[in-house]
Protein chains: 4
Amino acid sequence: MTRAATHRCGAGRAGRAVGRGGSVADGRSRRREDTRQRLFEAAVQLIAEQGFSATTVEDIAARAGVAKGTVYYNFESKTVLFEELLRHGIGLLTAEFRAAVDGLPPREALAALVRAELEYIRRYRAFAQLLLSEMWRTNREWQQTLRLLRGEAIEVIAETVRAGVASGDLPADLDVPTASSALFGVGLVVAVDWLVFQPDRPIADVQDALLGIVRRVAQT
Amino acid sequence: MTRAATHRCGAGRAGRAVGRGGSVADGRSRRREDTRQRLFEAAVQLIAEQGFSATTVEDIAARAGVAKGTVYYNFESKTVLFEELLRHGIGLLTAEFRAAVDGLPPREALAALVRAELEYIRRYRAFAQLLLSEMWRTNREWQQTLRLLRGEAIEVIAETVRAGVASGDLPADLDVPTASSALFGVGLVVAVDWLVFQPDRPIADVQDALLGIVRRVAQT
Amino acid sequence: MTRAATHRCGAGRAGRAVGRGGSVADGRSRRREDTRQRLFEAAVQLIAEQGFSATTVEDIAARAGVAKGTVYYNFESKTVLFEELLRHGIGLLTAEFRAAVDGLPPREALAALVRAELEYIRRYRAFAQLLLSEMWRTNREWQQTLRLLRGEAIEVIAETVRAGVASGDLPADLDVPTASSALFGVGLVVAVDWLVFQPDRPIADVQDALLGIVRRVAQT
Amino acid sequence: MTRAATHRCGAGRAGRAVGRGGSVADGRSRRREDTRQRLFEAAVQLIAEQGFSATTVEDIAARAGVAKGTVYYNFESKTVLFEELLRHGIGLLTAEFRAAVDGLPPREALAALVRAELEYIRRYRAFAQLLLSEMWRTNREWQQTLRLLRGEAIEVIAETVRAGVASGDLPADLDVPTASSALFGVGLVVAVDWLVFQPDRPIADVQDALLGIVRRVAQT
DNA sequence: CATGAATGAGCGTTCATTCAT
DNA sequence: AATGAATGAACGCTCATTCAT
């Protein structure tokens, strides 16, 4: 509808001219990479709002400002687009988890993880919403992919928890996988609940509350 | 809809209707009520697994063992079926919440709520999964309905929390709506995570863990 | 909706008691004949407004104040109901045509036919509308029936025209079938146009206009 | 819809679009326009034979030689397709009416109108049949549209009749709207009756008969 | 005589996908 | 690299018809 404005015709092109439409390192042209990025952004927003099945390829193309065929030029299928989206989004989260705990002692690392999760959710709220909706579904095509990715993110938490147990900062009889998984889920649901139902409240409050819970639980 | 009443002309007929599989108190025949129940059960299972949009009316009918048309004889539309399902399911939960806290002092009431929520989720796991997936979506037809119902369930928690604050059992500066909402969400996500990812683990563990968290947090 | 009132429960029944629900001359009970009549009336109105295909059996039953199953208890199928309707309606028209021309000399008979047609259309406007819409369709199930019935009605006109030609009141080279058919059609379209687009105008005007045309044409 | 324009960034591209089956003046490709035309033709034939409701979209697509989905790529809905058809068809008739009367004195103009109507009906017999069946229906979605279009066509007749009254060629007390409307309807019903029931008879006969009637009536 | 619950074929419509340009 | 016209399987929904009561 009002897409025209977002489809840059001016300066954007000059920049592209530098590369002469040529391919970048990974074998894809800059223009194409840009289109893919726009499609990702459109898809994540729409799927967060409506869910995967209720979001049409036409919707995604329209919000990205391209024609429907372009989606298929850039992605094998709607499902593949979504899987790549999941990979991309959870990969980013995992990376931030790793960056957050890097070199920190268990206690602080745990707090840093909570902070990183909230920070991530704040920045990519649509993706977080989408995760919350899809993570506990069964019988979907991309289930396999999602479980795998979830495992990678939670593994970072698990490593930290394990270190805490080893160092005596956390109770010795703690069920590590369960605790890690719960920690991840609690952060997700509390943060999304906050974004959806009380968007005006400062994130610091939420962070404090969550850190408080984690600390108290950990102390036992 | 309400035609039945306008057709009967004498009192004598009412007796027959009751005695021969005729209409029950709310104006629907026993057979029909049975069909509706079967459709509810089929729908909740399928939607929990695949989501609303990915579940077809044909699927629902097949699992309920009736013809497709029967769904539409009993429900206005797929959306309405789902809304009535939400109403039915959350209504049940709210009722169990009320029964759980009945007459208990704040502390014990809070524990009873956690127990009730877990018990409910264990019994109606598919519905819980479905709730987890739909509750934080935006832009869906039934959003309005869902928010309202969520409010009713959470209000029971809020009343308990408020009583706890009043009695000094809970910190005076507690943000009641946020705490209630978080409590609800945490229970949901932890329990569903457990059901989906570690179904073999006894529910008692999960209950203990959750009660532990709540108790510790409350003590502060 | 507001059907309740039309479904008589009071005095109507007392009357029926006289017959003790027994069968009348043609082998059908009075009650059943009454139901059939009500279904005819409902059907003719709805089909005139919306057409045959767009009118549902449910619609007809509802307007007649009976259950859907009752339609099938009284008529073999929707098509058969419509065919019987056509037979009934056109049979009535043909009878009135015959009554109108009875014993009259050609000239006056022609005028009487026009008057009879208009009178009929005024009385059974819905049926006339329905005829206008269906008469020139091809490829419909009841086409055969309709052509036959149309033929019977037009035959009365044709007999009169033929008599006029024989008596010298009408031109000898007149194409009798065409003239009869046109006369019938013109009356129908002019009268229905009047009913639909200028219902406030007195029928006398229309009658005068039509008679004027016919007379002038005949004089030639 | 109007996206094409917002996508092109330079003038250079426009040339290509025109030269290579691209978009034509009104923004639709030649191929698409061709498909639309084929769908119009298929729809008018089938609806004339069976009526709107009894004609399926699949039928229309099949007769046009395209897939069902193509109908919806080119028209918003079955109803919209029909409305555009009505607009197209009656627009054409109105244009021919205007061309027929252009510059002629009242008397001759009236005869020209009759000739134009018959000529049109002969050429587009299916459309005429369809008009005859739908024009006097009530309670249909496109009623509004149809009335409006009918009004435009009849207005041309009315202007001519009014001119005739002004010039003294027609009786001063003539009810112009009624006369115009009747003239239109009579032409329609007589011509369609002829096409359906006596297709072998030369059109000239029908034209003569109609012109005769009109002339005689007008002379009075 | 009448009902209303149930049926399933078939409808209008949507949408992921293909492909010539 | 991108497009948009076309496709057809599959969807939500309707409705003429059946039948146990």
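Just so it is clear: chains get the letters A, B, ... in the order the sequence lines come, proteins before strands, and each one is counted from 1. Not measured: the values here are computed from a predicted model. Any value given below was found using the heavy atoms of this structure, including those in side chains, with hydrogens, waters and symmetry copies removed.
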Distance in angstrom units between [X] [atom1] and [N] [atom2], rounded:
X: C/F82; N: F/dA16; atom1: CZ; atom2: P; result: 14 Å
X: B/D34; N: E/dA6; atom1: CG; atom2: C1'; result: 13 Å
X: C/R38; N: E/dA2; atom1: CZ; atom2: C1'; result: 12 Å
X: B/E33; N: E/dA6; atom1: CD; atom2: C1'; result: 16 Å
X: D/R32; N: F/dT3; atom1: CZ; atom2: P; result: 16 Å
X: B/R30; N: E/dG4; atom1: CZ; atom2: C1'; result: 16 Å

task: Using only side-chain N and O atoms of B/R31, determine if any of them is under 4.0 Å from OP1 or OP2 of E/dA6.
output: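 Yes, such a contact exists.
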
query: Below 4.0 angstrom from OP1 or OP2 of E/dC1, is there any side-chain N or O of C/S29?
result: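 Looking at the OP1 and OP2 atoms of E/dC1, one of them is under 4.0 Å from a side-chain N or O of C/S29.
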
Listed partners of [X] passing salt bridge (Lys or Arg N to Asp or Glu O under 4.0 Å), at least two apart:
X: B/K78; result: none
X: A/R140; result: none
X: B/E141; result: none
X: B/E41; result: none

Taking all heavy atoms of [X] and all of [Y], pick out the closest pair and write down the distance.
X: C/L39; Y: C/A64; answer: CD2-CB, 3.6 Å
X: C/I47; Y: D/R137; answer: O-NE, 4.0 Å
X: D/D59; Y: D/A54; answer: OD2-O, 4.5 Å

task: Begin with the C-alpha distance, continue with both residues' side-chain angles, and end with the deciding distance and a verdict on side chain to side chain contact (heavy atoms under 4.5 Å, CB included) for A/F52 and A/L130.
output: CA-CA 9 Å; A/F52 175 82; A/L130 176 164; over 6 Å; no

- prompt: Rounded to the nearest 0.5 Å, how far does NE2 of A/H88 lie from CD of A/Q37?
  reply: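 Separation between the atoms: 5.5 Å.
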
message: Any donor-acceptor pair, under 3.5 Å, between the side chain of A/K68 and the base of E/dT17, if you only look at N and O atoms?
response: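 Per atom types, the contact qualifies.
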
Report, one line per pair, each donor and acceptor closer than 3.5 Å where one atom sits in a side chain of residues 80-87 of chain D; sequence neighbours left out.
| from | atom 1 | to | atom 2 | distance (Å) |
| --- | --- | --- | --- | --- |
| D/E84 | OE1 | D/R36 | NH2 | 2.6 |

field: Salt-bridge contact A/D34-A/R30 (side-chain N to carboxylate O under 4.0 Å)
entry: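 Result for this pair is no, no salt bridge flagged.
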
Donor-acceptor pairs under 3.5 Å, side chain of residues 69-76 of chain C to any protein atom, not counting sequence neighbours: which ones?
| from | atom 1 | to | atom 2 | distance (Å) |
| --- | --- | --- | --- | --- |
| C/T70 | OG1 | C/A67 | O | 3.4 |
| C/N74 | OD1 | C/R32 | NE | 3.1 |
| C/N74 | ND2 | C/T70 | O | 2.9 |

- prompt: Looking at DNA chain F, which of residues 41-53 of chain A put a heavy atom within less than 4.0 Å of it?
  reply: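 The stretch gives none, as no residue of it lies under 4.0 Å from the strand.
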
message: Let's see if you get this right: which residues in residues 55-67 of chain D place a heavy atom under 4.0 Å from DNA chain E?
response: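 The answer is D/T55, D/T56, D/V57.
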
task: Using heavy atoms and a sub-4.0 Å distance, could you list which residues of residues 70-79 of chain A are near DNA chain E? By number, please.
output: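 By residue number: A/Y72, A/S77, A/K78.
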
query: Residues two or more places apart in sequence or in another chain: which of them pass side-chain hydrogen bond (donor to acceptor under 3.5 Å, both in side chains) with B/S77?
result: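 Testing B/S77 for side-chain hydrogen bond (donor to acceptor under 3.5 Å, both in side chains), a comparison that skips the adjacent residues, returns none.
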
message: Holding to side-chain hydrogen bond (donor to acceptor under 3.5 Å, both in side chains), I want the full list of residues that pass it with B/T55, two or more places apart in sequence or in another chain.
response: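 Checked B/T55 against side-chain hydrogen bond (donor to acceptor under 3.5 Å, both in side chains); matches are B/Q50.
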
message: Give the dot-bracket line for DNA chain E from 5' end to 3' end: parentheses for intra-strand Watson-Crick or G-U pairs under 3.5 Å, square brackets for crossings, | for inter-strand pairing, dots for unpaired.
response: .||||||||||||||||||||

